[in-house]
Colleague: 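I have a structure I would like to understand better, so I am pasting it below and will then ask my questions one at a time.
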Number of protein chains: 2
Amino acid sequence: MNHKKEFIELLENNQLKKTSTRFTVLNILKSRESAISQPELEAMLGKKVDRVTLYRTLSTFEEKGIIHKVLNINGTANYAFCSSSCNEHEHHDEHVHFNCTKCLSIFCLDHTIISPITLPEGYILKSLNLIVYGLCKKCNQVS
Amino acid sequence: MNHKKEFIELLENNQLKKTSTRFTVLNILKSRESAISQPELEAMLGKKVDRVTLYRTLSTFEEKGIIHKVLNINGTANYAFCSSSCNEHEHHDEHVHFNCTKCLSIFCLDHTIISPITLPEGYILKSLNLIVYGLCKKCNQVS
DNA sequence: TTAAGTGCAAAATCTTTGCAAATGT
DNA sequence: ACATTTGCAAAGATTTTGCACTTAA
């Protein structure tokens with residue numbers, strides 16, 4: 001599938017230039033079911049893109065609300081597309097993230113529901129982040 | 001309050017030697033309502049303890065199930081005591097962590113309940129980690 | 001006494017910064 | 001042409017490793 005049009009719009013909406021690095025990164029993110037880490041991305045890009053550029057690309061995308069960061073079980077940042085309601089000022093990625101403890105993949109379980117949380121007196125909830133650890137579909141079958 | 005006896009027992013149960021560094025770190029952790037980061041701990045210990053020793057102390061405690069790590073909004077590791085059911089082989093810290101976006105403190109909300117999550121077919125849940133972002137009691141009052 | 005723990009120096013990683021060259025508009 | 005973006009080199013920050021010295025048991 002070709003998402004070129006979608007990506008062009010996305011970059012234009014965020015006042016970002018349409019560079020080849022950005023298209024490549026967007027393509028990789030789109031092609032994956034699970035979130036991807038910076039080192040993995042780096043490996044996939046090979047020598048075509050400088051590591052520094054990748055760092056900058058990811059942080060730009062994050063600032064603009066195009067992607068979001070999920071920390072895996074080891075504290076490594078993984079990146080995935082944000083839901084369409086995110087923007088530069090607010091992020092809404094309150095879905096469940098599933099971190100497979102075997103293959104370390106992170107999946108965004110968009111349709112898994114989090115029931116409302118009641119906090120103690122005085123605490124104000126702004127957003128939340130639920131990470132579930134366990135075995136993903138694939139690793140579950142293999143073992 | 002003096003927790004010396006409790007700490008002695010804790011270290012003995014885990015086949016760890018009772019060194020002054022370990023007592024100091026345990027005291028700091030016990031004295032705090034919220035989880036504490038490695039840099040904060042380092043600052044509190046001053047020059048008395050080498051940074052490397054602190055790293056090793058924290059990772060030993062973590063392996064033994066004495067403390068657990070919570071990643072804050074910036075991905076910095078914060079440490080707090082585990083519930084008493086944790087051990088070397090299994091961790092059970094499935095309570096809610098509250099990360100204040102103003103003072104960045106992390107509180108373990110032990111009595112806040114997480115309702116059961118239903119995962120898609122094929123996924124197996126092992127443990128989960130819910131981080132709520134917002135304003136803590138103190139910061140809520142001030143603002 | 002001796003295994004575990006510590007401190008120091010140095011290596012290995014990871015991330016950021018400055019600046020000149022390249023690229024998109 | 002001009003503002004952004006990129007690549008390279010280098011600085012900073014963080015974490016790990018090796019090894020000799022110290023300490024708890």
Side-chain angles (χ1 to χ4, degrees), chain A residues 4-5 7-28 35-64 66-67 69-79 88 104, chain B residues 4-5 7-29 35-64 66-79 88 104:
Chain A
K4 189 101 183 194
K5 264 200 173 167
F7 295 157
I8 289 176
E9 200 185 341
L10 189 61
L11 293 174
E12 283 178 352
N13 288 343
N14 287 283
Q15 293 96 47
L16 295 175
K17 292 198 173 170
K18 310 175 199 75
T19 68
S20 73
T21 300
R22 289 179 178 153
F23 282 115
T24 311
V25 171
L26 291 172
N27 267 312
I28 293 177
I36 184 169
S37 66
Q38 186 275 327
E40 248 181 307
L41 261 170
E42 196 178 319
M44 288 180 76
L45 294 167
K47 294 174 200 162
K48 272 172 289 189
V49 177
D50 191 82
R51 177 182 301 171
V52 175
T53 304
L54 180 54
Y55 276 117
R56 290 195 270 226
T57 303
L58 292 172
S59 68
T60 304
F61 283 176
E62 205 188 351
E63 278 168 27
K64 296 291 188 176
I66 295 173
I67 62 179
K69 194 195 285 185
V70 201
L71 299 168
N72 80 1
I73 201 166
N74 302 317
T76 312
N78 286 55
Y79 297 90
E88 195 157 352
L104 296 183
Chain B
K4 190 101 184 193
K5 264 199 172 167
F7 295 155
I8 288 177
E9 199 184 341
L10 189 61
L11 293 174
E12 283 178 350
N13 288 343
N14 287 285
Q15 294 96 46
L16 295 175
K17 293 198 170 167
K18 310 175 199 72
T19 68
S20 72
T21 301
R22 287 177 180 158
F23 283 115
T24 311
V25 171
L26 291 173
N27 267 311
I28 294 177
L29 290 172
I36 185 169
S37 65
Q38 185 276 329
E40 250 180 307
L41 262 170
E42 196 179 316
M44 289 180 76
L45 294 166
K47 294 173 201 165
K48 274 172 288 189
V49 177
D50 191 82
R51 177 182 301 174
V52 175
T53 304
L54 179 54
Y55 275 115
R56 290 194 269 227
T57 303
L58 292 172
S59 69
T60 304
F61 284 176
E62 204 188 350
E63 277 167 28
K64 295 292 189 177
I66 295 173
I67 61 178
H68 65 275
K69 195 195 282 186
V70 199
L71 299 168
N72 80 2
I73 201 167
N74 303 315
T76 312
N78 286 56
Y79 297 90
E88 196 157 350
L104 295 182

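Note that this is a predicted model, so its numbers are computed, not measured.
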Colleague: Atom CG of B:L58 and atom P of D:dT16: how far apart are they, to the nearest Å?
Modeller: 11 Å
Colleague: Would you say A:T21 reaches D:dT6's phosphate, i.e. side-chain N/O to OP1/OP2 under 4.0 Å?
Modeller: yes
Colleague: Separation of A:F23 atom CZ from C:dG24 atom P, in whole Å?
Modeller: 10 Å
Colleague: What are the two closest non-hydrogen atoms of A:S37 and A:T76, and how far apart are they?
Modeller: CB-CG2, 4.2 Å
Colleague: In whole angstroms, how far is the P atom of C:dA4 from the NZ atom of B:K64?
Modeller: 10 Å
Colleague: Side chain of A:V49 only, please: which of D:dT14, C:dT6, D:dG7 is the nearest?
Modeller: D:dG7
Colleague: Nearest to the A:D50 side chain among D:dC8, C:dG24, D:dA25, which nucleotide is it?
Modeller: D:dC8
Colleague: If each of B:K17 and A:K17 is mapped to the nucleotide of DNA chain D with the nearest heavy atom, which maps nearer the 5' terminus, i.e. the 5' end?
Modeller: A:K17
Colleague: Any idea which of C:dT6, C:dT16, D:dT16 is nearest the A:Y55 side chain?
Modeller: C:dT16
Colleague: Please determine which of B:N13, B:L58, B:L16 meets the side chain to side chain contact (heavy atoms under 4.5 Å, CB included) test together with B:I66.
Modeller: B:L16
Colleague: Nearest whole Å is fine: how far is D:dT16 C1' from B:E62 CD?
Modeller: 15 Å
Colleague: Say you draw a straight line from CZ of A:R22 to CZ of A:R56; how long is it, rounded to the nearest 0.5 Å?
Modeller: 11.0 Å
Colleague: Using a 4.0 Å heavy-atom cut-off across all strands, classify B:T60 as base, sugar-phosphate, or nothing.
Modeller: nothing
Colleague: May I ask you to verify if any side-chain N or O of B:T19 is less than 4.0 angstrom from the OP1 or OP2 atom of C:dA4?
Modeller: no
Colleague: Any side-chain N or O of B:T53 under 4.0 Å from OP1/OP2 of C:dG7?
Modeller: yes
Colleague: Would you name the heavy atoms of A:V49 and A:L54 that are closest together and state the gap between them?
Modeller: CG1-N, 4.2 Å
Colleague: Taking the six-membered ring of A:F23, is the NZ or CZ of A:K18 close enough (under 6.0 Å from the centre) and on axis enough (within 45°)?
Modeller: no
Colleague: How is B:K48 classified with respect to the nucleic acid when contacts are heavy atoms under 4.0 Å: base, sugar-phosphate, or nothing?
Modeller: sugar-phosphate
Colleague: What's the closest nucleotide to the B:R56 side chain, out of C:dG7, D:dT15, C:dT16?
Modeller: C:dG7
Colleague: Would you mind telling me which residue lines up with the more 5' stretch of DNA chain C, A:K18 or A:V52, judged by nearest nucleotide?
Modeller: A:V52
Colleague: Measure the distance from CG on B:L45 to P on C:dT6 and round it to the nearest whole Å.
Modeller: 12 Å
Colleague: Please report, rounded to the nearest Å, how far the C1' atom of D:dA9 is from the CZ atom of A:R51.
Modeller: 13 Å
Colleague: To the nearest Å, give me how far apart CZ (A:R22) and P (D:dG7) are.
Modeller: 11 Å
Colleague: Could you say whether A:L54 or B:S20 is positioned toward the 5' end of DNA chain D, judged by the nucleotide with the nearest heavy atom to each?
Modeller: A:L54
Colleague: Could you state the atom-to-atom distance from CD of B:E63 to P of C:dG5 in whole Å?
Modeller: 11 Å
